[in-house]
Each structure stands twice: as C-alpha cells, then as structure tokens.
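All chains are named by letter (A, B, ...) in the order of the sequence lines, taking the proteins before the strands, and each is independently numbered beginning at 1.
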Amino acid sequence: MSLIAITEVKKRFGDNEVLKGISIDVAPGEVVAIIGKSGSGKSTLLRCINGLETIDEGSIVVAGAQFLPDEVHLKALRLKVGMIFQQFNLFPHLTAGGNVMLSQMVVKKTPKKDAEAVARKMLDRVGLAHKFDALPDELSGGQQQRVAIARALAMQPIALLCDEITSALDPELVAEVLAVVKELAAEGMTLVMVTHEMRFARDVCSRVVFMHQGRVHEIGAPEEVFANPRTPELRQFLGVQ
Amino acid sequence: MTEFSFWDILRNLLLAARWTVVLSLVSFIGGGIVGVALLFLRIGGRRGMRVLSRGYIQLFQGTPLLMQLFLAFFGLGLFGIDVPAWLAACVALILWTAAFLAEIWRGCVESIAKGQWEASASLGMGYLQQMRYVILPQALKVAVPPTVGFSVQVVKGTALTSIIGFVELSKAGSIVTNATFQPFTVYGLVALIYFALCWPLSKSSQRLERKLNVAHRNH
Ligand SMILES: Nc1ncnc2c1ncn2[C@@H]1O[C@H](COP(=O)(O)OP(=O)(O)O)[C@@H](O)[C@H]1O
Ligand SMILES: [Mg+2]
C-alpha cells in the first residue's frame with residue numbers, strides 16, 4: 001500500500017492552472033526526487049501534500065487519511081508529514097533547541113523536560129548537539145537547515161517533504177545537508193524532495209519524477225530517467241541530446 | 001492685582017502638566033488595550049469583523065482629532081448625557097490612539113515573513129498558537145520603536161482637549177496668560193514642558209530602532 005497517494009490532483013491560481021492532474025504513489029521508505037524547470041509546479045505540489053495550499057480537484061491520501069481542508073484534518077495531516085523549506089524558516093527569536101522544542105510542547109503538549117530530551121537527540125542526529133543554545137543568526141546556512149530538519153523530525157513524521165532545501169546554501173555547505181538527508185533515507189524515512197542536485201537524485205533516490213507544465217512528464221527509476229530520457233523536454237532539461 | 005513671579009507661573013504650569021501626563025497615560029494604555037482588540041479583529045476575525053475594524057480605523061485616522069473631541073463632548077450631550085470634559089477627553093483620545101496603534105501593529109505583524117507562518121503551520125500549529133508563539137514575539141520587537149514614537153503624538157494630542165475645557169498644560173497656559181499678560185514667557189514655558197515630555201520619548205524611539213537594526217543586520 002502506498003503511504004502517499006496523489007490522484008488526479010488539480011490546482012489553479014485564478015485562471016492559471018498550475019497542477020493539471022498529477023498522480024503519484026509513494027511507497028513507505030521510498031525516496032522520490034521531483035525535478036523540473038522553475039514554474040513547473042513542483043513547490044505547489046509539495047505545498048498541497050502538506051495542506052499549505054488547498055487542491056481544486058483530485059485527492060491526496062496520506063497513510064490512509066484523506067486530506068480535507070478543515071483545521072482538524074489539516075493538523076492530523078501535518079503531524080504525519082514534515083516539511084523543510086528552501087529558506088529554512090527557523091524561528092529567529094528562539095535558540096536551535098527552542099526551535100526543535102516549540103511545536104512538541106505547543107502541538108503535542110509534550111512536557112518541557114521530555115521535549116528538551118527529544119530536541120537534544122534530534123540535534124545530535126543532524127550533528128548539531130553542541131549548538132543547542134545558539135540563535136539561528138549565529139548559525140551558518142547549512143547549520144540552520146539541519147536545525148530545520150531536526151525540528152521537523154522531532155514531530156516524528158512518517159514522511160518528509162523537502163523543497164529545494166540546498167538551493168539557498170553556499171556551495172560548500174550543500175554537502176553537509178545532503179549527508180543528513182542521505183542518512184535519513186538510509187534509515188528508511190519516506191522522502192519527497194524537489195531538488196536540483198542531479199547527482200544526489202541519481203545516487204539516493206528510488207524514483208525520479210520529471211514535472212513539466214503542471215504534469216508528470218516522466219517518472220521512473222533514476223538510472224532509467226537519467227540514462228534514457230524519452231521526451232525532448234526532459235532531454236533538454238538534462239542538457240543531453 | 002496680584003503680581004505673578006516667574007516661579008508662580010512655572011509652578012502653575014507644572015501642576016497642570018500633571019494632567020497632561022495622566023491624560024497621555026490613560027489614552028496610551030486604554031488605546032493600547034482597545035488597539036489590541038482591533039488588531040485581532042482586523043487580521044484574524046471573521047470577514048464582517050475585519051471590515052468593521054478597518055472602517056473604524058479609517059474613520060478615526062481620516063478625521064481630525066478635534067472633531068472627535070467635539071463629537072464626544074457635545075455629541076453625547078445631545079442625547080441628554082452630561083459628559084464632563086475629562087471623560088470626553090479620555091474617551092476620544094483612547095479611541096483615536098487605538099485606531100493608530102492597531103494600524104501600526106498590523107504593519108508589524110504583516111512584516112513577519114510568510115515563511116514563519118508556513119513553517120509553524122507545517123509543524124501542526126493552529127492560528128492562535130502561531131500568533132502566540134511565533135508571530136507576536138517577533139512582531140512585538142518590531143513594534144516597540146514606532147509605538148514609543150507614536151506616544152509623542154498622544155502627548156501632543158492631549159493639547160487639543162483644552163478646547164473642550166479640560167485644564168491640562170495648554171489650557172493652563174492660556175489661563176495663566178490671561179492673568180499675567182506675559183504670553184511669551186508663559187507659552188515659552190509651556191513649549192519647554194512639552195518638549196521635556198516628548199523629547200525623551202522620541203529619542204528613545206530612535207535609539208530602540210537603531211538597536212533593533214543592529215540586531216537584524218545579519219538578515
Ligand atoms: N500563491 C500563488 N499565487 C499565484 N500563483 C502562484 C502561487 N504560487 C505559485 N504560483 C504559480 O504557480 C506556478 C508554479 O509555481 P511553483 O509551484 O512555485 O513552481 P516550481 O516550484 O516548480 O518552480 C508558477 O507559475 C507560479 O507563478
Ligand atoms: Mg519551487
């Protein structure tokens with residue numbers, strides 16, 4: 001059974017149909033890379049899975065629970081899937097530890113002591129145990145993004161959505177973030193990631209989705225998609241003839 | 001006719017200045033409380049409430065404070081309600097201050113990056129939780145300098161209440177002038193006292209703003 005079942009999803013912003021009937025099934029433990037040109041709807045798709053945008057048609061089912069746009073269902077959905085953003089979006093008024101503790105205490109009502117223990121564990125998992133008391137301002141971009149990953153992990157999601165999480169980083173900081181993601185993948189976390197890191201997609205992902213103009217244009221195992229692009233659009237995108 | 005010494009004049013003005021201070025504090029605190037309520041209606045309430053609070057803000061920002069004072073003082077009198085000058089002054093200033101503070105604070109809340117809303121939503125927080133733990137703590141920091149800065153306008157705004165007969169610093173100035181025939185000395189002192197009240201406020205607003213900018217320079 002698939003963990004995330006996306007069926008015929010359509011999304012419009014006014015007259016602009018951004019998603020034109022997307023269907024993707026993600027199995028538990030799968031790592032799916034979404035690639036495609038800017039404006040092809042990749043972010044919108046992830047945001048729909050997380051309920052940050054409401055869909056106009058189709059359905060999104062996560063772990064058997066249908067997505068419905070009311071407060072109760074949204075919260076349930078968001079507890080199941082975590083999201084990591086390109087701009088990190090750490091809470092600047094809280095320390096790294098505070099960032100990881102906040103939603104546990106506020107949303108799950110975890111006692112402070114337990115939340116702190118989890119936060120320390122999660123920060124350790126991303127290699128930042130020693131930065132527990134640092135403010136986001138005092139961290140490098142790569143470190144901030146790793147804190148954001150720890151923050152999402154602390155809610156014990158069954159899947160993580162990553163939207164170009166290394167695109168805002170200086171080149172030398174990309175590797176440390178990807179290493180964390182790779183480790184998560186190895187531990188069996190289900191990941192859906194929009195990425196421009198083709199090497200990473202090839203090495204780590206179980207499937208690659210190429211989106212073009214709001215549609216799934218090609219989908220398949222990375223070897224296949226990268227070695228034998230079937231459509232001219234994908235060939236052009238990959239820069240091969 | 002009794003002679004007024006310089007010190008008599010100053011003493012009388014300072015005594016009246018107490019009422020300027022009290023009126024400013026009441027307006028500011030009362031206006032702050034009403035302003036918070038307006039703010040929440042303006043950004044988070046139902047549609048009807050949003051429209052209503054926006055209308056309120058536009059009404060009070062779009063008419064002179066003097067008219068609001070007249071309406072509070074004479075308007076309620078038309079309904080047979082006898083309003084003392086101090087009450088009309090407080091009510092009008094509170095409502096006027098609330099409109100401006102609500103608008104200042106709305107700008108502060110909206111200056112918080114959209115990503116903060118999205119990140120907190122993606123972690124499962126509801127609207128009030130987002131506000132309470134993520135947005136307001138950041139907005140509050142941004143809000144301090146303009147809020148302190150606006151308090152200067154409140155202090156100066158209290159001068160208008162002299163027109164409906166509330167005896168604060170300005171009114172005391174004209175009363176003392178009538179008794180002493182030394183308008184230049186009297187109004188010079190009045191101006192100095194206002195300055196002594198307002199200058200520290202605007203100075204600290206500037207200083208807070210600079211401090212905040214330094215704290216944010218890494219963004
Ligand atoms: N909130 C929005 N309102 C209107 N249009 C939007 C909004 N978000 C995205 N879009 C439009 O949807 C299209 C796809 O955007 P996006 O999903 O961000 O693409 P990608 O992530 O693949 O670059 C773009 O044309 C963009 O302008
Ligand atoms: Mg995008």
Side-chain angles (χ1 to χ4, degrees), chain A residues 43 46-47 49-53 70-94 98-110 135-141 144-145 147-148 150-157 160-163 168, chain B residues 36 39-41 43-50 104-148 207-219:
Chain A
S43 297
L46 284 200
R47 294 162 59 81
I49 300 176
N50 195 238
L52 287 174
E53 305 282 359
D70 61 70
E71 186 102 346
V72 178
H73 284 87
L74 269 183
K75 191 175 154 184
L77 175 81
R78 284 165 177 165
L79 286 177
K80 287 182 193 164
V81 289
M83 182 138 177
I84 322 285
F85 302 85
Q86 184 175 343
Q87 299 299 337
F88 329 136
N89 294 347
L90 290 185
F91 307 135
H93 59 300
L94 299 176
N99 265 275
V100 185
M101 287 164 66
L102 181 66
S103 55
Q104 299 181 62
M105 298 194 304
V106 169
V107 179
K108 288 190 167 174
K109 315 288 179 207
T110 311
L135 284 168
D137 257 2
E138 302 159 356
L139 300 173
S140 74
Q144 289 191 49
Q145 193 60 293
V147 173
R151 181 173 71 175
L153 289 176
M155 297 303 277
Q156 269 129 13
L160 271 189
L161 312 173
C162 306
D163 191 0
Chain B
V36 166
L39 169 72
F40 272 85
L41 292 179
I43 58 179
R46 292 165 190 281
R47 213 187 114 68
M49 283 300 169
R50 281 208 303 269
I104 291 174
W105 293 340
R106 183 178 68 89
C108 296
V109 168
E110 288 180 353
S111 76
I112 304 303
K114 205 163 135 255
Q116 295 290 309
W117 286 99
E118 297 188 338
S120 47
S122 80
L123 290 164
M125 289 187 211
Y127 177 74
L128 289 177
Q129 295 172 333
Q130 292 176 293
M131 268 296 189
R132 163 78 182 76
Y133 296 103
V134 177
I135 305 300
L136 287 186
Q138 296 179 57
L140 223 63
K141 229 166 98 182
V142 187
V144 170
T147 303
V148 175
R207 183 158 317 152
L208 284 164
E209 180 147 15
R210 216 171 312 134
K211 218 164 101 186
L212 206 75
N213 281 339
V214 172
H216 273 230
R217 77 182 156 213
N218 293 329
H219 286 291

Participant: Among Leu140(B), Ile43(B), Val142(B), find the residue that satisfies the side-chain contact (heavy atoms from CB on, under 4.5 Å) test when tested with Val109(B).
Facilitator: Ile43(B)
Participant: Sequence neighbours excluded, which residues qualify as salt bridge (charged side-chain N to carboxylate O under 4.0 Å, His left out) partners of Lys114(B)?
Facilitator: Glu118(B)
Participant: With a 4.5 angstrom heavy-atom cut-off, is it the side chain or the backbone of Leu90(A) that approaches chain B, or both, or neither?
Facilitator: backbone
Participant: Heavy-atom distance under 4.5 Å to chain B: side chain of Phe91(A), backbone, both or neither?
Facilitator: both
Participant: Quick one: which of Val81(A), Leu102(A), Leu94(A), Leu79(A) has the most heavy-atom pairs under 4.5 Å with chain B, could you say?
Facilitator: Leu102(A)
Participant: If I compare all heavy atoms of Pro92(A) with all of Gln138(B), which pair ends up nearest, and what's the gap?
Facilitator: CG-OE1, 3.2 Å
Participant: Quick check on the interface: out of Ser120(B), Gly126(B), Ala113(B), who has the most heavy-atom pairs with chain A under 4.5 Å?
Facilitator: Ser120(B)
Participant: Checking Gln145(A) side chain against Phe85(A) main chain: does a donor-acceptor pair fall under 3.5 Å?
Facilitator: yes
Participant: Output every pair passing side chain to side chain donor-acceptor pair (under 3.5 Å) with a member in residues 75-89 of chain A, not counting sequence neighbours, ordered by first then second residue.
Facilitator: none
Participant: Tell me which of these, Gly115(B), Ser122(B), Ala121(B), has more heavy-atom pairs under 4.5 Å with chain A than the rest.
Facilitator: Ser122(B)
Participant: Is there a side-chain contact between Leu52(A) and Leu46(A) in this structure, where contact means two heavy atoms from C-beta onward sitting under 4.5 Å apart?
Facilitator: no
Participant: Chain B heavy atoms under 4.5 Å from Met83(A): which part of the residue, side chain, backbone, both or neither?
Facilitator: both
Participant: With a 4.5 angstrom heavy-atom cut-off, which part of Arg151(A) approaches chain B: side chain, backbone, both or neither?
Facilitator: both
